[in-house]
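The figures that follow rest on heavy atoms only: side chains count, while hydrogens, waters and symmetry mates do not. If you're wondering where the values come from, they're calculated on a predicted model, not measured in any experiment.
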Amino acid sequence: MSVTKPISRLDVLEAESIHIFREAAAQFRKPVLLYSIGKDSTVLLHLARKAFFPQRIPFPLLHIDTTWKFRDMIAFRDRTARELGLDLIVHVNEEGRARGINPIDYAPSLYTDVMKTEALRQALDRHAFDAAFGGARRDEEASRAKERIFSFRTAGHRWDPRHQRPEMWSLLNGRLGTGESVRVFPLSNWTEGDVWRYVLREKLDVVPLYLAAVRPTIERNGKLLVLDDNRMSLPDSEKIIPRRVRFRTLGCWPLTAAIESEASDLLSVVTETLASRTSERQGRLIDHDQAGAMEKKKLEGYF
Amino acid sequence: MSAVLVEEADPPGGAGVLEPGDGGRPGAPSDAASGDGSSDLIHVLTCGSVDDGKSTLIGRLLWDGANLPEDARAEIMQTLLPDGRVDFSRLVDGLAAEREQGITIDIAWRYIDSGPRRYVIIDSPGHEQYTRNMATGASHADIAIMLVDARHGVKSQTRRHAAILGLLGVRRVILAVNKMDLVGGNEARFREIEADFRALTARFDFEDAAAIPVIATTGDNVARSSSAMTWYEGPTLIEQLNRTPSRGTVAAAAFRLPVQLTVRGASDFRGIAGTITSGSIAVGDVVLDNASGRTARVRRIATMDGDLEVAHSGQAIVLQLDRDLDISRGAVLSAPDAPARQVRQLEARLFWMADAPFDPERRLFLRGATDLVPVSSTGIKAKLDLDTLGEVETSACAHNDVVLASLTLGRPTTLDCFSDHKGTGAVVLVDALTGATLAGGSVVTLHEAEGDASTGFILTTAVLAEAVCAGLEPSSPEFRHRANGVAEILKLAGVDVRRA
């Protein structure tokens, strides 16, 4: 039996993701792509374009805007949507905004619950989406490691880890029960390293915050925060110091820690990331808020 | 935390690092920007009964062989076992719900990069109630590590797992006989268990099956050869794992493309999108649609990165054909000289995963590669007896049973036998009402529907008639191409071609 050259790992992962996109598009009535502007979303969007080529992406993108994203992220989002001619829906939890829920005066868990989890549920319900693509990876965190590719949610968007549907081979069974919806994770089997290697290989544009530059920072609880606007009041003890920093993950600026780095181009970012000995969630302040934080958020309907 | 313990725990980069040959240090910067990553990728399932020490073994593999983040290491070092040792199992037990109960409910996926190789560890629950999750994991595995406790040996759950591995096509299996320290590293005890394992190996057609005595807590025969069990001269667990070929390897086989959907582009472009489950396809090749019996030639293999000349198993592609076959999701394109089969009746070996037993009155769908077909009747013929490993006749089927079932479908669909083509021979049963996946398994027998030959004859005659009406010269390449396709199909349908 003759054997041809093995397909590269990134090619295997890319093909699997495309397969997942197509399975979901074929089986669900009204899917949406959860676009969060970061590197994972960038890869997700690129794979979606490949999956339906030469056709346009047959579903809209949804961005849950907490109103606290870095300005660079919003600019990148709008430019991407314009350049690729995407159907982009931006949703803000207006009730939360009216109540003044913000990440500075409120506990991160409460803020996230209102401005992200609740906002997501609102948007999914309002548009009656039955499937939402997300960029979550199983290597990110313990409860993610247990997630299916088609991850079912009850009518209240809850995840039931005790009764996940068997998911055998690449037979993705998308038949929904009454009131059920599904989260679809095409990047399930990618690692952070794969995402960066792919960004590099496919020459994808990413938000400039991923690259090191001198930015105004403060140090708080041992973490470096980059001040993106003047909404955070500082005690006298905190001095604004320009530091050369970049981000491993992006989110709401008061909740996202930067790392000091000299990596100012993609190649050096990738090299630095793959040599890193800490996990990327170190930079996400919300995950350290309480034990099993991510699992709890997921049970309540967080992505 | 104690620095001594860190040293005792064999930091990565040591002798036992998971890697084929002498690849680079895990995560070495030199490897970082090799744009494509490397090609090596294997999926390893771990399974065992409750308390076999499986989480500890995986934790040990991660600890010894992986690019484990330092914050994860630090977190583990914060909570040591009462006797001061590292609790490796804490690296894998994910859910709070699981920690509360002290059991693993669902499979956890872990990614270990070591040199050029990526190991995807699929850790499956031992608890009998959650065997369905083990089956989910098994369907994705290239190799399985079955764990037994040296004190208890091969148990009923071990045999069930072996049966599921056999059913789902996992052919490479390692039996890790764990907790050898608790039987004093006794060789006779190991040989006894190994003999029981050999019976399973023979029954479920495992190839390259090895039994290895290990001690997960100390790492004996995991990453390094045991000094406590010098009588064992075989490979360590990691050495045995490293003999598994990468899943990116493409074997020569007949072409299959289950159609996922069709895509449209500028002007008349109508593409057929899907993932190749078997074989290869090149521009100019002829493909057969089993359902209509019609053939077409591949004009383009389109991707966003440009057209391909040839594509292989595992690639997700879009085919543009030289004529519209009018096919949609659920169809399978095959190589005309070794086509898939069009059937309404089949036999399948199934693992029953639903909590509720089989109910012949329940409305079901059969899900093949991309087709969802109503089932008109299902009968259970036999079930596997886990004690004798033989099949016994029965018409009933309950949670966790491995059964032989015969199915009649509401309409024909395109399938293969699982032993020939995994991608088009794997099936699941779906509850029509709730959408739940009730059972999964493999097609073992296909019954060609009566009258298929004549149907094929009528269809292919129609194709020829259409070619004549289209004004094709009988001497033209296009006409000959169609006629050849027709002859192939007639032969397959058992029709005497000269007479036809």
Within a strict 4.5 Å, meaning less than it, do heavy atoms of the [X] and [Y] side chains meet?
| X | Y | answer |
| --- | --- | --- |
| A:Thr191 | B:Arg118 | yes |
| B:Arg132 | A:His163 | yes |
| A:Asn189 | B:Trp109 | yes |
| A:Arg9 | B:Arg117 | no |
| B:Ile107 | A:Arg148 | yes |
| A:Arg22 | B:Val318 | yes |
| A:Met168 | B:Met353 | yes |
| B:Asp305 | A:Lys50 | yes |

Do the side chain of [X] and the main chain of [Y] share a donor and acceptor less than 3.5 angstrom apart?
| X | Y | result |
| --- | --- | --- |
| A:Arg162 | B:Ile105 | no |
| A:Asn173 | B:Gly435 | yes |
| A:His19 | B:Gln260 | no |
| B:Arg367 | A:Leu172 | yes |

What's the spacing between [X] [atom1] and [Y] [atom2] if we round to 0.5 Å?
| X | Y | atom1 | atom2 | answer |
| --- | --- | --- | --- | --- |
| B:Arg329 | A:Gln27 | CZ | CD | 4.5 Å |
| B:Thr434 | A:Glu180 | OG1 | CD | 8.0 Å |
| B:Thr437 | A:Phe150 | OG1 | CZ | 11.0 Å |

Go through [options] and name the one with the most non-hydrogen pairs under 4.5 angstrom from chain B.
| options | result |
| --- | --- |
| A:Leu176, A:Leu13, A:Asp194, A:Ile18 | A:Asp194 |
| A:Ala145, A:Ala51, A:Gly193, A:Ser188 | A:Ala145 |
| A:Ala15, A:Pro166, A:Ser17 | A:Pro166 |

Specify the closest pair of heavy atoms between [X] and [Y], including all atoms of both residues, with the distance to one decimal.
| X | Y | value |
| --- | --- | --- |
| A:Trp169 | B:Gly441 | CH2-O, 3.4 Å |
| A:Arg175 | B:Leu372 | NH1-CD2, 4.0 Å |
| A:Asp139 | B:Tyr111 | CB-CD1, 3.8 Å |

Next item on the list: Take B:Thr370 and A:Glu23, measure what side-chain contact (heavy atoms from CB on, under 4.5 Å) needs, and give me the verdict at the end.
Entry: CA-CA 8 Å; B:Thr370 58; A:Glu23 278 305 288; 3.8 Å; yes

Check: What part of B:Ser124 gets closer than 4.5 Å to chain A, counting heavy atoms only: side chain, backbone, both or neither?
Finding: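 Neither part, no heavy atoms under 4.5 Å.
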
Notebook entry, point to check: Where on B:Ile317 is there a heavy atom nearer than 4.5 Å to chain A: the side chain, the backbone, both, or neither?
Noted result: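 Just its backbone gets close to chain A.
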
Note to self: For A:Gln164, run the side chain to side chain donor-acceptor pair (under 3.5 Å) check against B:Thr136, B:Asn133, B:Asp106 and tell me which one passes.
What the structure shows: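 Going through the options one by one, the only one that passes is B:Asp106.
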
If you tally heavy-atom pairs under 4.5 Å against chain A, which of [options] wins?
| options | answer |
| --- | --- |
| B:Thr277, B:Val120, B:Thr303 | B:Thr303 |
| B:Gly169, B:Pro258, B:Ala432, B:Gly423 | B:Ala432 |
| B:Ala138, B:Pro245, B:Ala436, B:Gly265 | B:Ala436 |

Item checked: A:Ser268 portion near chain B, given a 4.5 angstrom heavy-atom threshold ->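 Neither part; nothing is under 4.5 Å.
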
Note to self: Using heavy-atom distances under 4.5 Å, tell me whether A:Leu171 contacts chain B through its side chain, its backbone, both, or neither.
What the structure shows: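 For A:Leu171, heavy atoms of backbone and side chain both lie under 4.5 Å from chain B.
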
Margin query: Is it the case that over 12 heavy atoms from other parts of the model lie below 6.0 angstrom from the CZ atom of B:Arg270?
Written below: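 Buried by this count: over 12 neighbours within 6.0 Å.
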
